[in-house]
Amino acid sequence: LISVRFSRTRRDGEPPLVNGWIPFLGKALEFRKNAHGFLAEHKEQHGDVFTVLIAGKYMTFIMNPLLYPYVIKHGKQLDFHEFSDQVAPVTFGYPPVRSGKFPGMDEHIQRSFRLLQGDNLDNLTESMMGNLMLVFHKDYLDGESEWRTESMYQFCNSVMFEATFLTMYGKPAHTNRHSGMVTLRQDFVKFDNMFPLLIARIPISLLGGTKTIRDKLINYFHPQRMSTWSNTSGFIKERAALFEQYDCMGDVDKAAHHFAILWASVGNTVPATFWAMYYLLTHPEALAVVREEIHCVLKVSGLEADHNRDITFTREQLDSLLYLESSINESLRLSSASMNIRVAQEDFSLRLEGERSIGVRKGDIISLYPQSMHMDPEIYENPEMYKFDRYVEDGKEKTDFYKDGQKLKYYRMPFGSGSTKCPGRYFAVNEIKQFLSLLLLHFDMEVVEGQEPCSLDSSRAGLGILLPATDVQIYYRPRQAREEE
Ligand code: HEM
């Protein structure tokens with residue numbers, strides 16, 4: 001391992017610096033292997049704010065969630081997009097948006113995010129429901145009605161990938177499904193496996209065939225091809241129209257932007273769907289309550305589960321599924337490991353609570369690591385345990401969680417924070433709700449007995465929802481079959 005001598009010494013007012021001869025690469029690897037444990041250990045030694053050199057960057061970790069608001073609200077000196085604007089273009093292969101080459105584009109892109117939220121969710125939700133039913137029927141419900149086996153991750157991936165794709169980008173001319181979807185998904189998985197390395201700025205040329213695969217994925221979104229698709233979401237349509245306004249933007253660059261959105265819209269949603277499904281299926285009491293809740297909502301609306309008919313849930317109905325939402329949020333708490341990053345624009349003193357402040361230098365990275373908060377036993381009793389109703393109290397969503405006797409403003413952060421908060425978060429939770437509702441209404445499903453409990457693969461710690469270390473085998477059959485017997 002390469003070792004570097006710290007040229008930097010701690011100045012007065014700066015947080016403790018993890019100092020000395022540090023195995024440069026070693027810290028980065030140690031961090032990636034077990035970020036949560038690494039940070040907990042440093043917190044024990046250095047307190048709730050400290051600076052570590054990781055992969056060549058000085059990173060100051062704010063470990064106490066009571067201090068999060070001071071970082072999240074801090075606008076002027078802490079830049080939110082600098083990091084992503086450097087990393088995303090290299091990862092997805094488009095020219096940096098804030099390079100000055102595309103005046104006004106960044107603001108437009110930020111504005112386009114509203115098309116994933118509020119009333120715009122009605123159309124997205126309706127379209128997603130139709131697409132989920134299409135894929136479920138064609139691939140899993142039609143035909144033989146006996147028990148079949150499947151791998152759970154594979155199942156979630158094939159359904160959510162295609163249904164989300166169709167909802168975002170639309171369908172091809174004259175048919176409901178895109179040809180080549182299986183290949184597209186397989187290529188996407190190959191690219192996604194390399195994602196942590198790309199984010200770590202390993203040049204794509206060193207990653208075997210990854211460049212060829214990425215080129216293939218990008219080409220799928222060539223503007224000429226996309227122009228033949230219909231039922232495209234307003235969000236993607238607005239972005240495509242925006243790119244057309246820039247003559248200096250090549251077709252491949254436009255396509256690469258669309259590909260990046262594909263990653264944003266399924267890269268985390270698929271593993272999140274997996275965990276939500278896995279925890280429900282392995283906790284029968286949770287499954288029973290959630291199933292009952294879904295049936296109740298349908299009954300109140302006069303829509304008994306009729307297997308011969310497509311079911312639709314309005315956005316209001318989805319919003320009213322309190323236990324289902326809590327169960328999804330609980331699985332997000334257990335599986336998310338995203339890092340929130342801000343880059344200091346100048347040397348300054350970051351005010352924390354009371355009289356406390358810390359010295360920060362230009363270029364330093366201020367990081368929040370919410371997984372440490374999600375797993376804090378003071379905030380969440382038995383944090384390793386899945387409690388599907390953790391976020392329900394007195395028939396309402398529970399929002400009061402405490403640390404050191406103080407109510408926390410931020411207690412669950414799978415979607416980031418402040419101005420980099422995921423713009424797709426409402427759509428993501430909705431589509432997981434839709435997936436699970438349809439699953440529980442239309443399938444009998446069981447986890448094959450005798451399998452080890454599924455654990456988290458931490459190789460993408462810091463980057464979002466963790467994948468399962470192994471897949472899980474399930475049995476399923478169309479639910480209708482049982483009722484006909
Ligand atoms: C950004 C998480 C689903 C679109 C983010 C960020 C996080 C996140 C943590 C912030 C990254 C940062 O700090 O820079 C998740 C999770 C999801 C999910 C956990 C599923 C469970 C979605 C979906 C969409 C989406 C379904 C779109 C339909 C985006 C976009 C950004 C983003 C466009 C970049 C925002 C920006 O540049 O300011 N997501 N996301 N996400 N997400 Fe999501």
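Whatever order the structure lists ligands and atoms in, that order sets their numbers, starting from 1. Note: hydrogens, waters and symmetry copies are ignored here, and every other heavy atom, side chains too, is used. Quick caveat: nothing in here was measured; it's all calculated off a predicted structure.
A ring-centre distance under 6.0 Å is not found for Phe155 and Phe274. Between Tyr410 and Phe401, the distance separating the two ring centers is not shorter than 6.0 angstrom. Separation of the Phe388 and Tyr279 ring centroids does not fall under the 6.0 Å cut-off. In this structure, Tyr380 has its ring center no closer than 6.0 Å to that of Tyr402. Aromatic pair Phe188/Phe161: ring centres closer than 6.0 Å. Taking the six-membered ring for Trp, Trp263 and Phe191 have ring centres at least 6.0 Å apart.
For ligand 1, the atoms sitting less than 4.0 Å from at least one non-hydrogen atom of Gly416 are 9 (C), numbered in the order shown with element in parentheses. Close approach to Met168 involves these atoms of ligand 1, each under 4.0 Å from a residue heavy atom: 28 (C). With ligand atoms numbered from 1 in the order given, ligand 1 contributes 19 (C) to contacts under 4.0 Å with heavy atoms of Ile465. Listed by number with element, the atoms of ligand 1 under 4.0 angstrom from any heavy atom of Phe427 are 26 (C), 28 (C). Per-residue contacts place Thr269 under 4.0 angstrom from the following atoms of ligand 1 (heavy atoms of the residue considered): 3 (C), 20 (C), 26 (C). Listed by atom number, the atoms of ligand 1 under 4.0 Å from Phe113 heavy atoms are 33 (C), 35 (C), 36 (C), 38 (O).
Below 3.5 Å of separation, one finds no N or O of Asn340 facing any N or O of ligand 1.
In this comparison of Ser112, Ala264, Ala272, the heavy atom closest to atom 22 (C) of ligand 1 sits on Ala264. Comparing heavy-atom distances from atom 23 (C) of ligand 1 across Ser233, Ala260, Ser265 singles out Ser265 as nearest. Residue Cys422 holds the heavy atom nearest to atom 40 (N) of ligand 1 of all those in Gly267, Ala88, Cys422.
At least one heavy atom of Glu431 sits closer than 4.0 Å to an atom of ligand 1. Heavy-atom separations between His81 and ligand 1 include at least one value shorter than 4.0 Å. Contact analysis puts Pro423 in contact with ligand 1, with a non-hydrogen atom separation below 4.0 angstrom. Under the 4.0 angstrom criterion for non-hydrogen atoms, Ile261 is in contact with ligand 1. A heavy-atom separation below 4.0 Å is found between Pro414 and ligand 1.
Here the side chains of Val135 and Arg177 are in contact, with some heavy-atom distance below 4.5 Å. Taking 4.5 Å as the limit, every side-chain heavy atom of Arg214 sits out of range of all side-chain heavy atoms of Phe92. Contact annotation: the side chain of Ile213 never approaches that of Gln186 to less than 4.5 Å [non-hydrogen atoms, C-beta and beyond].
Contacts with ligand 1 closer than 4.0 Å are made by no heavy atom of Ile109, backbone or side chain. Contacts with ligand 1 closer than 4.0 Å are made by no heavy atom of Phe235, backbone or side chain.
Looking only at heavy atoms of the protein, atom 11 (C) of ligand 1 is closest to Thr420 O, 4.2 Å.
With hydrogens and angles disregarded, no donor-acceptor distance shorter than 3.5 Å links the side chain of Arg315 to the backbone of Asn123.
In this structure, Arg351 is not positioned above the aromatic face of Tyr70 in the sense of NZ or CZ being under 6.0 Å from the six-membered ring centre and within 45° of the axis.
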